[in-house]
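Right, one structure below, let's go through it.
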Amino acid sequence: MTETALTESDFAAAVGQVQAAAKSYYDTGDVLMTDADYDALLDRIAEAKRAHPEWDDRGVTTRVAAGVSSGGDVRHPVPMMSLDKINDEDSVRDFVAGLGGEPLLVEVKLDGLAIRVEYESGRLTLAALRGDGSTGENVTAQVLRGIAGLPERLATPWTGEVRGEVYMTVGDFETASANRVAAGAKAFINSRGAVAGSIRSIDRTYETPMTFSAYDVSGSFDSHRARMTHAVELGFPVAGRLATGEFQVAADGDEALAAIARIGELRRSLEFPIDGAVLTADLESTRRRLGSGSRTPYWAAAFKYPADTGSTVLRDIEVRVGRTGRISLRAVLDPVFVDGTTITYATLHNPKFVEEQGLAIGQTVAVWRAGDVIPRVTAPIGEQPHGLTPWAPPETCPQCGEPWDKSSLLWRCHTASCSAVNALEYWCSREAMDVEGAGEALCVVLVNTGLANDVADLYSLTEEQLAELPVGNTKAGGVVLLGKLNAAKVVASLEGSKSQPFNRVITGLGIRMTGRSVGRWLAARFKTMEALRAATVEEIAEIDKMGLIKAQHVVDGLVAMSGVIDRLAAAGVTMSVPETDGEKPFEGRTYVVSGSVPGYTRTTVSERIEELGGRASGSVSATTTALITSETTTAKATKAAKLGIPIIDPAEFAEMLAG
Ligand code: IVH
């Protein structure tokens, strides 16, 4: 760090900031500063204190502030220690050398809070936080509200003590933070802040799902592995097996470094947050031989990975439609260096959450990188400038201008051209190609697995590929596959869809501002895809009710989809209206169908009328040939009667259509 030395007044302010941040964190879990900023500020205070020993640091450089809270009312029978930190290759080798050639284990250092839990005859009787190491806060009531991995009752009547870490998975973090914001409180910064902020809050009305993994359990064992295997038998998840499912053993410095590197690489794909790797002697004899100091054991150490949380200024929020048609919010940030990369963009939660948080452009926000490669903006952090206007999401899709479907938290745009999933779903809908079994769930997996990126890809899917696709979850959290039977149905239905009439193919392309009617008009007027693609905007606009704007969308849409259309044609999908033998009994007639005609849907009845040379219209006018309805009192029927237009019974009309 190349920051200038602190002046005496800056020094006093910095001491105040550090104290306020620590107090807020321990009292309420509210994070005023990221760990990295906190450590950096503490370093500058310590540096200034060395140059000016007479300045009053109110004890912040001598008291171990970070990671140590005030005690509580539960005394720990054996102190809850912490680990010495090692930061580089040489210190890892030194630590391993100190074990004298005896094996060590390398496990994830979970980023949460240390907890100690007592069981009596298989029943959870006490849970306490680490506190200052000797005494900690009693959190039994909160733990009994439910923490995954810490059952209220074990399967066996075991009496003993388990120690480990309480943390939040990335998914649980999002839920917890959203629940907290919905309850009118502040959003959480990261997993550790979230656990700190919720595990002590007794009267919390919102749920904050948390998970426990053990790294110690009482009893006499020859090795850490045997001890932790016992913990697994009792029903506790253990930290040592979280990363790969196996304990990671190392025999020397090289192997320890390789294991540290392996966990470091896995870090971004883990569903839970880690801030380091713990190196620990496996054998109890090694541990006894090395012993412990007052605060830390000599047989274990923590290798710290770079901090996963940074803070920076939110400059903009970009709204887009993702490949699944869902709204996605992207934060544009002042560049900030977090865990080895400079971040300028981050994802944000759903629009409601952003709105409820009152997030504003110009605000300083926390950026958390955990669980995957995508960093996320989690919450405002620290002091904020005054007078910022909270950000409001747009009411319509920025791509097509249609209003959002807000029926779920991740708003959705249904316009086919706005996303791959929408395009597939619309193509398969009853309105278009009527492919059975190809609803939203299947279309989402097809896009997510890359099996279908556009509608033409559907026609090269095989039963084998489809059968293996996950299309849902069981209540128990299992995966539901599409299965052979359903796969066969979908493939057969796709095959059948190739002979759907041409107007449905046009409709299925999902060109903006077009639907069933436009599909029929275009098919009737141009007859073949070739002629349609050759048509000019003016020619298309000549169609009654079409207009220049829709016509322009049709031309643009056909150009944009030309590759897809060529592949559909190659797959054998209908690309023209069949040549008729000239029989056009409905030539020159316009029918208005109101209600249902036996044997037809709203779409197929219009299709049949047009096939016979007639026109299907939605409203009664002077040019209407007849109204098809069984009702005589409706507005349409009254109008028809006034204009002297005949009314035909639907059953009779069905016969005319068949004839
Ligand atoms: S072993 C003697 N193993 O890291 C202490 N600690 O300073 C034995 N932690 O607050 C700790 N994951 O809560 C151990 N796999 C792991 C851990 C772990 C997280 C925490 C622990 C403690 C801190 C160490």
Side-chain angles (χ1 to χ4, degrees), residues 25-26 35 39 64-69 71-72 76-87 95 104-117 127-134 136-137 139 147 149-150 161-169 190-192 195-196 199 210-218 223-225 227-228 231-232 236-244 246-250 256 259-260 263-264 266-267 270 272-282 284 286-288 290-305 307-308 370:
Y25 179 76
Y26 295 122
D35 287 359
D39 290 345
V64 190
V68 178
S69 87
H76 302 310
V78 175
M80 293 189 76
M81 291 200 268
S82 61
L83 297 174
D84 281 332
K85 292 179 188 66
I86 46 181
N87 299 310
F95 173 78
L104 71 149
L105 296 173
V106 183
E107 53 187 60
V108 292
K109 184 172 182 298
L110 293 159
D111 197 11
L113 290 190
I115 194 166
R116 183 175 73 79
V117 183
L129 297 179
R130 181 171 69 178
D132 63 7
S134 318
E137 207 163 328
V139 289
I147 290 185
L150 275 180
E161 178 203 89
V162 61
R163 295 179 178 208
E165 197 84 350
V166 192
Y167 56 96
M168 272 187 202
T169 64
N190 57 23
S191 167
R192 191 152 60 87
V195 173
I199 199 160
M210 291 178 264
T211 306
F212 169 82
S213 284
Y215 50 69
D216 195 6
V217 69
S218 58
S223 67
H224 183 63
R225 254 184 295 178
R227 187 180 291 281
M228 297 327 292
V232 171
F236 302 112
V238 299
R241 296 209 322 207
L242 278 184
T244 62
E246 296 297 331
F247 291 110
Q248 308 221 42
V249 195
I260 290 172
I263 294 177
L266 276 177
R267 185 181 185 192
L270 299 174
F272 47 87
I274 66 172
D275 61 345
V278 173
L279 309 184
T280 184
D282 186 28
E284 214 54 35
T286 319
R287 291 186 174 193
R288 260 197 310 272
L290 294 173
S292 300
S294 62
R295 273 186 52 246
T296 59
Y298 298 133
W299 41 262
F303 180 92
K304 284 276 218 164
Y305 296 120
D308 62 6

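Residue numbers start at 1 and run along the sequence shown. As the structure is a computational prediction, the values presented were derived from the model and not from experiment. In listed order, ligands and their atoms are each counted from 1.
- Looking at Ser82 against ligand 1, both its backbone and its side chain come within 4.0 Å, counting heavy atoms.
- Glu165 places a side-chain N or O within donor-acceptor distance of the main-chain N or O of Gly112, the cut-off being under 3.5 Å.
- Short contacts between ligand 1 and Glu107, defined as distances under 4.0 Å to a heavy atom of the residue, involve ligand atoms 3 (N), 15 (N), 16 (C).
- The distance from atom CD1 of Ile147 to atom CZ of Phe212, rounded to the nearest 0.5 Å, is 9.0 Å.
- Contact annotation for Glu165 and ligand 1: only side-chain heavy atoms (C-beta onward) come within less than 4.0 Å of the ligand.
- Counting atoms of ligand 1 from 1 in the listed order, those under 4.0 Å from a heavy atom of Ala239 are 15 (N).
- At least one heavy atom of Pro297 sits closer than 4.0 Å to an atom of ligand 1.
- Nearest protein heavy-atom neighbour of atom 12 (N) of ligand 1: Leu110 N, 3.0 Å.
- Ligand 1 has at least one atom lying under 4.0 Å from a heavy atom of Arg130.
- For the pair Phe303 and Val106, the minimum side-chain heavy-atom distance is 4.5 Å or more.
- Both the backbone and the side chain of Leu83 come within 4.0 Å of ligand 1, counting heavy atoms alone.
- Atoms CG and CH2, from Leu279 and Trp299 in turn, are 12.0 Å apart once rounded to the nearest 0.5 Å.
- Side chain to side chain, Thr280 and Arg287 meet the donor-acceptor criterion of an N or O pair below 3.5 Å.
- The option with the heavy atom closest to atom 23 (C) of ligand 1, from among Met80, Lys85, Lys109, is Lys109.
- Nearest to atom 5 (C) of ligand 1 among the protein's heavy atoms is Met81 O, 3.5 Å.
- Under the 3.5 Å distance criterion, the side-chain polar atoms of His224 are left unmatched by any main-chain donor or acceptor of Asp216.
- Donor-acceptor pairing under 3.5 Å is lacking for the side chains of Asp111 and Ser191.
- Residue-level proximity to ligand 1 for Thr296 is absent, since no heavy atom of it falls below 4.0 angstrom.
- Here the heavy atom of the protein found nearest to atom 11 (C) of ligand 1 is Tyr215 CE1, 3.6 Å.
- Although no hydrogens or angles enter the test, the distance criterion places no donor-acceptor pair under 3.5 Å between the side chain of Arg163 and the main chain of Ala114.
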